[in-house]
Protein chains: 2
Amino acid sequence: MSQNKRAELIRKALLLFYRNGFHATGMDLVARETGVSKTSIYKHFRTKDELILAVLRLRDENFRNWLFRRMEELSATPQGQLLAMFDALGEWFLEDGYKGCMFIKASAEFQDPDDAINVQSYAHKRLLLDHFHALAKAAGVAEPDVLARQFLLLKEGAIVIAAMSHSAKPARDAKQVAQLLIGQ
Amino acid sequence: MSQNKRAELIRKALLLFYRNGFHATGMDLVARETGVSKTSIYKHFRTKDELILAVLRLRDENFRNWLFRRMEELSATPQGQLLAMFDALGEWFLEDGYKGCMFIKASAEFQDPDDAINVQSYAHKRLLLDHFHALAKAAGVAEPDVLARQFLLLKEGAIVIAAMSHSAKPARDAKQVAQLLIGQ
DNA sequence: GATTAAATTTACCGATCTGTTCACCTAAAC
DNA sequence: GTTTAGGTGAACAGATCGGTAAATTTAATC
């Protein structure tokens with residue numbers, strides 16, 4: 001399988017898992033929808049879990065690239081970028097097929113703390129936290145650790161409520177809190 | 001089946017679904033672990049989904065009763081109760097077997113907005129919102145609607161991050177933000 | 001104690017689950 | 001033209017899925 005075909009398989013599998021859930025999406029469906037035979041899939045991924053891990057790696061890369069770039073597009077200052085995150089989230093919430101955070105759902109379906117899928121899901125959140133922390137530090141905030149964690153809380157809360165309520169309003173609510181936190 | 005046995009079945013099924021997830025928990029396991037034959041279960045619940053709905057009803061009742069009572073125990077004033085919510089959450093996060101919010105996980109596994117399970121999961125969040133709103137109004141807050149939604153965001157964010165990070169710290173981080181919001 | 005209703009056991013249904021095997025196809029390399 | 005590598009579909013494991021049928025046991029009613 002070429003590198004392109006492999007990437008395409010992971011990309012299509014991502015959409016399936018995101019739309020239908022992990023346990024609810026069988027490998028027969030993955031094979032049918034991606035056009036790659038099950039035999040080939042299992043030649044490149046030893047188990048379904050390994051495919052899911054590859055999907056999560058792609059998602060992590062795509063999501064962080066998108067979010068961080070969008071934050072930079074919307075503002076040039078660290079403070080501005082932190083606040084702009086909620087505008088970016090608001091755009092995401094309005095997208096067709098928005099179904100919440102894939103990593104929250106992955107860690108919800110694979111709850112064992114030792115499970116690689118659970119571990120990798122939380123690793124994504126820590127990478128976000130690191131970025132928030134760097135921005136908070138660059139912004140000269142008094143306690144960048146605390147602010148980064150608080151921004152993560154607001155982000156995850158907004159994502160969950162936006163998904164459950166089918167609304168983008170949580171992004172605005174969270175941004176108001178963020179403005180208060182950042183003293184602006 | 002007596003009312004007691006039925007309640008016991010739902011109670012045990014709740015633990016199974018909470019610990020293992022909904023799709024990952026089969027009805028054979030439910031029958032085995034509850035000691036109620038599958039035939040009997042299906043005499044009282046037409047489908048697995050109906051059992052899940054009964055489980056969610058129990059969870060909604062138990063959780064709101066516990067949370068609201070604990071908030072009242074910790075403070076006598078509306079403002080104090082709103083803040084005390086995060087102390088109560090912190091206690092919950094430290095409990096053995098804490099695995100996050102059952103309703104977030106239910107709506108993540110049953111994503112169809114028309115699915116009764118999805119609808120009922122969001123209904124739970126709206127009931128929480130109503131309570132926060134009443135407290136905010138009683139506290140004389142300028143914009144009780146906004147504050148209630150912001151408190152819900154903080155709560156859900158803390159729940160999710162506490163589950164993923166296996167830590168109770170998000171409760172303290174969220175409380176700090178809440179104190180700022182409530183102007184105290 | 002006989003009758004009746006409810007709950008149980010046990011086996012089963014067809015479908016689907018993850019994962020494998022196998023016979024075949026195709027296309028490039030030599 | 002033959003080899004080789006990688007792909008395919010389709011059938012197949014063995015287990016489990018949600019859900020059911022029938023026979024049997026239990027328990028309450030008269």
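Just the heavy atoms: all of them, side chains too, but no hydrogens, waters or symmetry mates, feed the values below. Values in this document were obtained by computation on a predicted structure and should not be read as measured data.
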*Name all residues meeting the side chain to side chain donor-acceptor pair (under 3.5 Å) criterion together with A:His133; count only those two or more places apart in sequence or in a different chain, and write none if there are none.*
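A:His133 satisfies side chain to side chain donor-acceptor pair (under 3.5 Å) with A:Asp145 once adjacent residues are dropped.
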
_Any side-chain to backbone donor/acceptor pair from B:Lys105 onto B:Lys99? Under 3.5 Å, distance only._
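Yes, the answer is positive, given that a donor and an acceptor are paired below the 3.5 Å cut-off.
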
Atom-to-atom span, [atom1] of [X] to [atom2] of [N] - whole angstrom:
X: A:His44; N: D:dG6; atom1: NE2; atom2: P; answer: 8 Å
X: A:Ile41; N: C:dG19; atom1: CD1; atom2: C1'; answer: 12 Å
X: B:Met27; N: C:dT16; atom1: CE; atom2: P; answer: 19 Å
X: A:Lys5; N: D:dA5; atom1: NZ; atom2: P; answer: 21 Å
X: B:Lys43; N: C:dT8; atom1: NZ; atom2: C1'; answer: 9 Å
X: A:Arg32; N: D:dT8; atom1: CZ; atom2: C1'; answer: 16 Å

*With side chain to side chain contact (heavy atoms under 4.5 Å, CB included) as the test, would you mind laying out the steps for A:Asp112 and A:Asn118 before giving the verdict?*
CA-CA 7 Å; A:Asp112 179 355; A:Asn118 192 287; 6.0 Å; no

*Which of the following nucleotides, D:dG19, C:dG19, D:dG9, is nearest to the side chain of A:Ser37?*
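Of D:dG19, C:dG19, D:dG9, D:dG9 is nearest to the side chain of A:Ser37.
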
*The side chain of A:Tyr42 lies closest to which of these nucleotides: D:dA10, D:dG18, C:dT18?*
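Nearest listed nucleotide: C:dT18.
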
_By nearest heavy atom, map A:Thr39 and A:Asp28 onto DNA chain C; which one lands nearer the 5' end?_
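The residue mapped nearer the 5' terminus is A:Asp28.
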
_Under 4.0 Å between a side-chain nitrogen and a carboxylate oxygen: does that hold for A:Arg69 and A:Glu72?_
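So A:Arg69 does not pair with A:Glu72 through a salt bridge.
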
*Would you mind checking if B:Lys12 and B:Glu33 are paired as a salt bridge, meaning a charged N to carboxylate O distance below 4.0 Å?*
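Salt bridge absent between B:Glu33 and B:Lys12.
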
*Base, sugar-phosphate, or nothing for B:Gly35, non-hydrogen atoms under 4.0 angstrom?*
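It contacts nothing in the nucleic acid.
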
*asked:* Using a 4.0 Å cut-off on heavy atoms, which residues in residues 11-26 of chain B reach DNA chain D? List them by number, or say none.
replied: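 Heavy-atom cutoff 4.0 Å gives B:Thr25, B:Gly26.
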
_For the aromatic rings, using the six-membered ring if either is Trp, is the centroid distance between A:Phe151 and A:His131 under 6.0 Å?_
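Between A:His131 and A:Phe151, which both carry aromatic rings, the centre distance is not below 6.0 Å.
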
*Are B:His124 and B:Phe63 an aromatic pair by the rule of ring centers under 6.0 Å?*
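For B:His124 and B:Phe63, the ring centres are under 6.0 Å apart.
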
*asked:* Is it the case that the base of C:dG19 and the side chain of A:Lys38 share a donor-acceptor contact (distance under 3.5 Å, atom types as modelled)?
replied: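 Looking at the base of C:dG19, it does pair with a donor or acceptor on the side chain of A:Lys38 (distance under 3.5 Å).
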
